[in-house]
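What follows is a short report on a single structure.
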Amino acid sequence: MKIYNTLTRKKEEFVPLEEGKVKMYVCGPTVYDLMHIGNARPYVVFDTVRRYFEYKGYDVKYIQNFTDVDDKIINKSIKEGISAKEVADRYVEEAKKDAEGLNVKPATKNPRVTEEMPHILEMISTLINNGNAYVVDGTVFYDTQSFKDYGKLSGKKIDELIAGASNRVEVDKSKKSPMDFVLWKPKKDGEPYWTSPWSEGRPGWHIECSVMAKRYLGDTIDIHAGGEDLIFPHHENEIAQSEAANHKPFANYWMHNGFISIDKVKMSKSLGNFFTIRDIAEKYPYEVIRFFILSGHYRSPIDFSKDLMTSAQSSLMRIKNAYKNLVFLKNNCKGTLSENEKELLKKADEYKADFERAMDDDFNTADAISAIFELVRFANSNCTEESSAEFVEAIINEVDLLCDVLGIIPTESKDSSDKISEEEVLSLIEKRTQAKKEKNFALADSIRDELLEKGVILEDTRMGVRWSYK
Ligand code: AMP
Ligand code: ZN
């Protein structure tokens with residue numbers, strides 16, 4: 001299994017720290033608003049990475065934080081006249097709703113900054129004692145020049161960074177170097193604060209992830225992940241903190257997802273092309289958002305547009321309709337595998353092998369989806385009314401297995417759109433069958449028309465009624 005490691009800029013064979021186990025940390029959102037469509041990408045992509053490890057038999061510990069102290073949260077709390085905690089609690093719940101809609105498995109733990117304060121103070125103290133941090137008037141800065149590997153993740157040279165920063169930003173005179181960053185800062189009036197040896201205040205952003213990764217996964221972890229915007233400075237700073245505090249390598253593999261743009265333009269509130277996951281879920285089912293995200297390689301940029309979403313929706317529907325047909329056949333066919341079917345199952349296994357090859361190659365979900373389509377095409381042409389129930393069931397199990405790795409549910413629709421539910425369809429079909437038995441053809445026809453209007457096509461076969469969404 002190969003993973004592209006941002007740290008070495010190469011695809012590398014994955015070797016876990018501990019056999020059969022994966023320790024994974026993913027940077028989570030700052031909880032001050034509903035998550036936007038860009039935030040959905042790391043959620044979906046790294047959940048899929050986790051699912052594939054689990055498929056391979058690994059036991060995965062998956063930690064994703066919530067940043068619940070931040071200027072943006074404080075500003076919102078002032079604007080709404082409520083506490084920062086109330087703002088954060090609200091958006092943690094909203095983020096969880098979106099994650100659930102996107103069929104993201106719950107993390108092993110979602111630590112929150114406000115609940116980790118003693119551990120944050122402890123790591124900052126260690127960094128000061130080790131000579132990697134210094135205090136100026138209640139502020140604690142990380143001394144980037146004390147860490148010889150600073151820049152190794154982003155490939156930046158510290159001298160060039162310093163030169164760039166000196167020209168660009170207004171240099172804070174209290175820092176030894178313009179690249180030094182804040183570990184702890186004193187409160188301003190009205191801000192939430194915690195007591196520390198240096199001042200009443202709160203932590204800088206970067207320290208939380210170093211502390212939470214250590215606390216829940218250990219000094220060295222297998223995989224650290226997040227969006228590519230986090231490579232510098234956030235992840236660079238996490239490495240500087242963790243490695244200087246623990247004297248051990250921090251993460252063996254660094255994974256970063258590419259960005260989502262909107263109609264080829266960077267998403268931003270001021271351009272009016274800013275969409276929350278919730279906005280989009282009103283127009284398309286969550287599962288289509290997930291499918292859309294996985295239809296590109298996680299490191300490539302992807303563009304969000306109406307056309308691409310519509311095309312993702314119809315691709316997903318192809319899988320679902322084929323699946324529904326398979327279930328119909330399974331319920332109506334009989335018998336055990338024929339010799340010919342045994343051979344066919346070997347062929348079906350090749351699609352599974354293709355799927356695994358794609359996922360083993362740095363989680364190429366685009367190719368993995370193609371393998372599922374091949375399998376579905378194979379099922380459409382080889383599962384017939386003459387097939388044995390055992391054969392059809394074996395194919396269903398294979399589709400289930402592969403879809404589950406991608407977090408796609410081929411059966412029911414977790415649908416927020418106005419599409420008629422499977423339950424309603426089945427109940428109308430039953431009504432229609434009954435009407436036909438009673439020779440009430442007018443009613444039977446009107447039910448068929450009603451279903452058609454709701455986007456459901458019926459087909460009367462020898463084995464009963466088949467149906468599919470248009
Ligand atoms: P934030 O709340 O901005 O810290 O972002 C939370 C996560 O979403 C981070 O891993 C970001 O890298 C990621 N992210 C933010 N915007 C985008 C985007 N447009 N495309 C892909 N990932 C994004
Ligand atoms: Zn982080």
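Remember, it's 1-based here, ligands and their atoms both numbered in the order they're listed.
The atoms of ligand 1 that sit less than 4.0 Å from any heavy atom of Pro42 are 7 (C), 8 (O), 10 (O), 13 (C), 22 (N). Taking a cut-off of under 4.0 Å to the non-hydrogen atoms of Thr30, the atoms of ligand 1 that pass are 2 (O). Every atom of ligand 1 with a heavy atom of Gly227 under 4.0 Å away is listed here by number and element: 10 (O), 12 (O). Set against the non-hydrogen atoms of Asn257, the atoms of ligand 1 under 4.0 Å away are 21 (C), 22 (N).
In this structure, Lys187 places its NZ atom where more than 12 heavy-atom neighbours from other residues, nucleotides or ligands lie under 6.0 Å away.
Contacts between Asn39 and ligand 1, counted as non-hydrogen atom pairs separated by less than 4.0 Å, involve both the backbone and the side chain. In Val26, neither the side chain nor the backbone holds a heavy atom less than 4.0 Å from any atom of ligand 1. At a heavy-atom distance under 4.0 Å, only side-chain atoms of His36, from C-beta outward, approach ligand 1.
Ring to ring, Phe304 and Phe292 are close: their centroids are under 6.0 angstrom apart. Note: Tyr150 and Phe147 fail the aromatic proximity criterion, with ring centroids not under 6.0 Å apart.
Residue Ile260 has at least one N or O atom closer than 3.5 Å to an N or O atom of ligand 1. The shortest N or O to N or O distance between Asp229 and ligand 1 is under 3.5 Å. In terms of polar-atom proximity, Phe259 is not counted as a contact of ligand 1, lacking any N or O under 3.5 Å from an N or O of the ligand.
Heavy-atom separations between Gly258 and ligand 1 include at least one value shorter than 4.0 Å.
Annotation: angle subtended at the Zn ion (ligand 2) by Cys27 SG and Glu238 OE2 is 100°, to 10°.
Given atom 9 (C) of ligand 1, the protein heavy atom at minimum distance is Leu230 CD1, 3.8 Å. Counting protein heavy atoms only, atom 23 (C) of ligand 1 is closest to Gly38 O, 3.3 Å.
Judged by distance alone, the side chain of Arg202 and the main-chain N or O of Thr114 form no donor-acceptor pair under 3.5 Å.
Because its NZ or CZ atom is not both nearer than 6.0 Å to the ring centre of Tyr298 and within 45° of the ring axis, Arg41 does not count as a cation-pi partner of that residue.
By the 30° and 60° cut-offs, the orientation of the rings of His206 relative to Phe181 is perpendicular. Between Tyr253 and Phe14, the ring planes lie tilted relative to each other; the angle falls in the 30° to 60° range. Classification of the His256-Trp254 ring pair by plane angle, with boundaries at 30° and 60°, yields parallel.
Between the Zn ion (ligand 2) and His234 there is an N/O/S contact shorter than 2.8 Å.
Using a 3.5 Å distance cut-off with no hydrogens or angles, the side chains of Thr310 and Asp307 do not pair a donor with an acceptor.
A salt bridge links Glu18 to Lys21: one of the charged nitrogens lies within less than 4.0 Å of a carboxylate oxygen.
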